[in-house]
S.K.: 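This is the structure I want to talk about, given as structure tokens.
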Amino acid sequence: MPELPEVETVVRYVRPKIVGKTIQKVVPQNNYDKVFATHTVRQFNKLLTGQVIKNVVRRGKFIVFNLDRGHLLIHLRMTGRLLLKLSEDDKPKHLTAIIYFKDKSFLYFKDYRKFGRLYYYDSLDYINNKLGIEPLSKSFTGDWLFKNLQNYKRQLKPLLLDQSFIAGLGNIYVDEALWSAKLHPQQIGLSVSRKKADILHSAIQRLLQTAIDNQGTTIINFYFGKGKSGNFRDQLKIFGRQDKDCPRCGTKIEKIRVAQRGTHICPHCQRI
DNA sequence: GGGATTGTTTAAAC
DNA sequence: CGTTTAAACAATCC
């Protein structure tokens with residue numbers, strides 16, 4: 001379940017290995033042509049062939065390959081993985097695409113649930129218009145969060161998951177951030193005080209940065225490189241810890257549903 | 001075989 | 001009518 005820290009980890013892993021390479025072709029695997037979200041297979045290749053990867057960056061949960069002209073974007077969704085080499089347990093039937101480089105090397109897109117997608121855009125305007133603020137950018141401040149929370153009477157959980165509000169948060173880090181700030185996921189945005197907004201802002205930035213420093217969180221399926229998993233899982237306070245004790249007050253952690261999503265809360269620390 | 005899992009898009013409800 | 005919520009969708013595993 002790659003969220004911002006996991007995507008950033010992947011970007012940092014592949015960047016030094018593929019920057020400078022020239023794309024020869026991009027081939028869907030197992031007849032899964034819809035892995036290309038924006039174009040047909042033919043169109044996609046026409047646009048990409050011969051282009052050099054100038055840099056690899058992250059925007060929200062998108063992996064962005066900056067090319068000579070235009071951008072190749074990859075979204076891992078739930079189970080997508082980028083591999084430079086295949087190992088024994090990488091079954092061919094789980095591959096959805098292979099990028100061939102001019103130097104005879106490859107980049108494999110493995111995705112056993114096949115929700116992940118590749119996109120091509122001439123400009124990043126399209127996704128920049130759809131995505132909200134980058135939570136690790138300088139412009140994301142406590143002041144920004146307080147002001148913008150006031151525009152919504154939505155519940156905090158679905159609001160924080162909304163990529164057009166803040167780009168990059170997913171189920172894990174939203175639950176962790178709300179627990180850290182002692183905010184209930186069903187509290188509505190405009191009722192959050194200035195002080196609480198500051199605390200939530202700090203929690204989000206601290207969690208994301210610490211998770212990146214620990215190469216992300218592996219719950220089930222996040223791996224990068226040669227089977228390496230994220231180490232942040234050990235530092236999760238509440239996600240996946242239902243029926244265990246709250247690390248802060250000892251109350252039993254509950255798993256509830258908020259906006260159709262599994263949500264972990266401490267009923268003592270987090271109240272509306 | 002039903003339910004859980006994800007983020008995004010689309011449809012419905014408020 | 002704009003905002004918010006729910007459902008649909010992709011596919012797989014247990």
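Chain naming here is simple, since letters A, B, ... match the order of the sequence lines and numbering starts at 1 in each. What you are looking at is a predicted structure, and each value in this text was computed from that prediction instead of being measured.
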S.K.: Please identify each residue that fulfils salt bridge (charged side-chain N to carboxylate O under 4.0 Å, His left out) with A:Lys244, with sequence neighbours left out.
M.R.: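 A:Lys244 satisfies salt bridge (charged side-chain N to carboxylate O under 4.0 Å, His left out) with no other residue.
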S.K.: Could you state the atom-to-atom distance from CD of A:Glu3 to P of B:dT5 in whole Å?
M.R.: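 To the nearest whole Å, that distance equals 14 Å.
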S.K.: Can you sort out the partners of A:Lys196 under salt bridge (charged side-chain N to carboxylate O under 4.0 Å, His left out), two or more places apart, ordered by chain and number?
M.R.: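 A:Lys196: no salt bridge (charged side-chain N to carboxylate O under 4.0 Å, His left out) contacts found.
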S.K.: Rounding to the closest angstrom, what is the interatomic distance between C:dT4 and B:dT6 at atom P?
M.R.: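 The same atom, P, in both gives a distance of 23 Å.
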S.K.: Atom CZ of A:Phe109 and atom P of C:dA10: how far apart are they, to the nearest Å?
M.R.: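 In whole Å, C:dA10 P and A:Phe109 CZ are 17 Å from each other.
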S.K.: Taking the P atom in each of B:dT8 and C:dC13, what is the distance between them to the nearest angstrom?
M.R.: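 It works out to 23 Å between them.
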S.K.: Run the salt bridge (charged side-chain N to carboxylate O under 4.0 Å, His left out) test against A:Asp122 and tell me which residues pass, sequence neighbours left out.
M.R.: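 A:Asp122: no salt bridge (charged side-chain N to carboxylate O under 4.0 Å, His left out) contacts found.
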S.K.: Starting from P on B:dG7, measure out to CD on A:Glu6 and report it in whole angstrom.
M.R.: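 Whole-Å distance recorded here is 10 Å.
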S.K.: Could you note down all residue pairs passing ring-ring contact (aromatic ring centres under 6.0 Å, His included) where residues 249-272 of chain A supplies at least one of them, sequence neighbours left out?
M.R.: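 Output for this query lists A:Phe239-A:His264.
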S.K.: I'd like the P distance from C:dA10 over to B:dA11, given in whole Å.
M.R.: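 Result for the P pair: 14 Å, nearest Å.
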S.K.: Are OP1 or OP2 of B:dT6 and a side-chain N or O of A:Asn171 less than 4.0 angstrom apart?
M.R.: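 Result: yes.
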S.K.: Any stems for DNA chain C, made of 3 or more Watson-Crick or G-U pairs in a row, each with both distances under 3.5 Å?
M.R.: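 Stem list for DNA chain C: B:2-5 with C:11-14, B:7-14 with C:2-9.
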S.K.: Give the rounded distance in Å between these two atoms: NZ of A:Lys157 and C1' of B:dG7.
M.R.: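 Result: 13 Å.
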S.K.: Please report the distance, rounded to the nearest Å, between CD in A:Gln260 and P in C:dA8.
M.R.: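 Rounded to whole Å, this separation is 11 Å.
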S.K.: Taking the P atom in each of B:dT9 and C:dC1, what is the distance between them to the nearest angstrom?
M.R.: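 B:dT9 and C:dC1 have their P atoms separated by 25 Å.
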S.K.: Among pairs that include at least one residue of residues 145-162 of chain A, which meet side chain to side chain donor-acceptor pair (under 3.5 Å), considering only residues two or more places apart or in two chains?
M.R.: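 Those involving residues 145-162 of chain A are A:Asp143-A:Lys147, A:Arg154-A:Asp162, A:Lys157-A:Asn171, A:Lys157-A:Asp175, A:Lys157-A:Thr263, A:Asp162-A:Ser164.
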S.K.: Please round to the nearest 0.5 Å and tell me the distance separating atom OG1 of A:Thr79 and atom CZ of A:Arg81.
M.R.: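 Interatomic distance, A:Thr79 OG1 to A:Arg81 CZ, rounded to 0.5 Å: 10.0 Å.
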S.K.: Not counting sequence neighbours, which residues clear ring pair (Phe, Tyr, Trp, His ring centres under 6.0 Å) with A:Phe140? List them please.
M.R.: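 Checked A:Phe140 against ring pair (Phe, Tyr, Trp, His ring centres under 6.0 Å); matches are A:Trp144, A:His201.
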S.K.: Is the centre of the A:Tyr100 ring less than 6.0 Å from the centre of the A:Phe106 ring?
M.R.: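 Yes.
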S.K.: A:His184: which residues meet the ring pair (Phe, Tyr, Trp, His ring centres under 6.0 Å) condition with it, sequence neighbours left out?
M.R.: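 Ring pair (Phe, Tyr, Trp, His ring centres under 6.0 Å) list for A:His184, sorted by chain: empty.
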S.K.: How close or far is atom P of B:dG7 from atom CG of A:Leu160, stated in whole angstroms?
M.R.: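 Atom-to-atom, A:Leu160 to B:dG7, this comes out as 13 Å.
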S.K.: Can you check each nucleotide of nucleotides 8-14 of chain B against protein heavy atoms at under 4.0 Å and return B for base, S for sugar-phosphate only, - for none, in 5' to 3' order?
M.R.: SS-----
S.K.: With sequence neighbours excluded, tell me which residues meet salt bridge (charged side-chain N to carboxylate O under 4.0 Å, His left out) with A:Arg117.
M.R.: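 Listed in chain order: nothing, the list is empty.
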S.K.: Give every donor-acceptor pair under 3.5 Å between a side-chain atom in residues 45-53 of chain A and any protein atom, sequence neighbours left out.
M.R.:
{"unit_1": "A:Asn45", "atom_1": "OD1", "unit_2": "A:Val26", "atom_2": "N", "d": "2.7"}
{"unit_1": "A:Asn45", "atom_1": "ND2", "unit_2": "A:Val26", "atom_2": "O", "d": "2.8"}
{"unit_1": "A:Asn45", "atom_1": "ND2", "unit_2": "A:Val41", "atom_2": "O", "d": "3.0"}
{"unit_1": "A:Thr49", "atom_1": "OG1", "unit_2": "A:Gln24", "atom_2": "O", "d": "3.1"}
{"unit_1": "A:Thr49", "atom_1": "OG1", "unit_2": "A:Asn45", "atom_2": "O", "d": "2.7"}
{"unit_1": "A:Gln51", "atom_1": "OE1", "unit_2": "A:Asp68", "atom_2": "N", "d": "3.3"}
{"unit_1": "A:Gln51", "atom_1": "OE1", "unit_2": "A:Arg69", "atom_2": "N", "d": "2.9"}
{"unit_1": "A:Gln51", "atom_1": "NE2", "unit_2": "A:Leu47", "atom_2": "O", "d": "3.0"}
{"unit_1": "A:Gln51", "atom_1": "NE2", "unit_2": "A:Arg69", "atom_2": "O", "d": "2.9"}
{"unit_1": "A:Gln51", "atom_1": "NE2", "unit_2": "A:Tyr120", "atom_2": "OH", "d": "3.3"}

S.K.: Would the distance check show the side chain of A:Glu176 and the main-chain N or O of A:Ile238 forming a donor-acceptor pair, the cut-off being under 3.5 Å?
M.R.: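 Yes; judged by distance alone, with no hydrogens or angles, the pair exists.
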S.K.: Between P on B:dT5 and CG on A:Asp175, what's the gap in Å once rounded to a whole number?
M.R.: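 Rounded to the whole Å, the gap is 11 Å.
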S.K.: Tabulate protein N/O versus nucleotide N/O from nucleotides 11-14 of chain C, keeping only pairs under 3.5 Å, one per line.
M.R.:
{"unit_1": "C:dA11", "atom_1": "OP1", "unit_2": "A:Tyr32", "atom_2": "OH", "d": "3.1"}
{"unit_1": "C:dA11", "atom_1": "O4'", "unit_2": "A:Arg113", "atom_2": "O", "d": "3.0"}

